[in-house]
Amino acid sequence: MLNAEHSHERCAEVMRALKDCHANNPYLKFFGLCNDEKHNLNMCFRAERLERTKENREKALEKRKQIEAKWKAIDEE
């Protein structure tokens, strides 16, 4: 198991593919043999990041609504 697999469960298979490519091609990896696997991993990480960003934005908007409601209640008193 790779060290980062626990935090990137969706990308674990892609991470293993890159690790296997590097293990099976110790010298050719320096000449771009594993570039496709690396690109796939980058795209997987990007998708995770975009999803996290969307979730965080939704949480921030909800929290902002709650804060504005509290301020409105304070102003009405």
Side-chain angles (χ1 to χ4, degrees):
M1 178 180 247
L2 295 172
N3 294 335
E5 280 185 5
H6 67 281
S7 62
H8 299 283
E9 293 175 2
R10 292 184 182 174
C11 299
E13 186 175 325
V14 182
M15 291 170 75
R16 276 190 221 100
L18 180 60
K19 183 180 177 184
D20 291 344
C21 183
H22 284 174
N24 294 333
N25 305 289
Y27 299 106
L28 293 177
K29 68 182 179 185
F30 297 116
F31 296 102
L33 185 69
C34 301
N35 284 355
D36 290 340
E37 288 83 355
K38 177 63 176 166
H39 177 73
N40 292 339
L41 183 59
N42 287 341
M43 291 298 102
C44 187
F45 286 158
R46 181 176 189 268
E48 281 187 346
R49 180 181 49 81
L50 292 175
E51 184 176 323
R52 252 189 343 267
T53 301
K54 181 180 176 185
E55 290 172 2
N56 288 340
R57 177 150 176 77
E58 290 171 358
K59 288 178 188 176
L61 289 174
E62 182 61 34
K63 188 173 183 179
R64 176 75 178 180
K65 287 179 187 177
Q66 292 173 357
I67 291 171
E68 287 177 357
K70 288 179 183 178
W71 276 108
K72 185 177 180 180
I74 290 172
D75 287 342
E76 291 176 352
E77 290 180 1

When rounded to the nearest 0.5 angstrom, what is the spacing between [atom1] in [X] and [atom2] in [Y]?
{"X": "Asn42", "Y": "Cys11", "atom1": "CG", "atom2": "SG", "result": "10.0 Å"}
{"X": "Trp71", "Y": "Gln66", "atom1": "CH2", "atom2": "CD", "result": "15.5 Å"}
{"X": "Leu28", "Y": "Phe30", "atom1": "CG", "atom2": "CZ", "result": "10.0 Å"}

Task: Shortest non-hydrogen contact from Leu41 toward Leu18 - done: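 Answer, listing the atom of Leu41 first, then Leu18: CD2-CD2, 3.7 Å.
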Task: Residue pairs involving residues 52-68 (criterion salt bridge (Lys or Arg N to Asp or Glu O under 4.0 Å); sequence neighbours excluded) - done: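 The answer is Arg64-Glu68.
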Open item on the list: For residues 26-50, which residue pairs pass the salt bridge (Lys or Arg N to Asp or Glu O under 4.0 Å) check, not counting sequence neighbours?
Closed with: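 Not a single pair qualifies under salt bridge (Lys or Arg N to Asp or Glu O under 4.0 Å).
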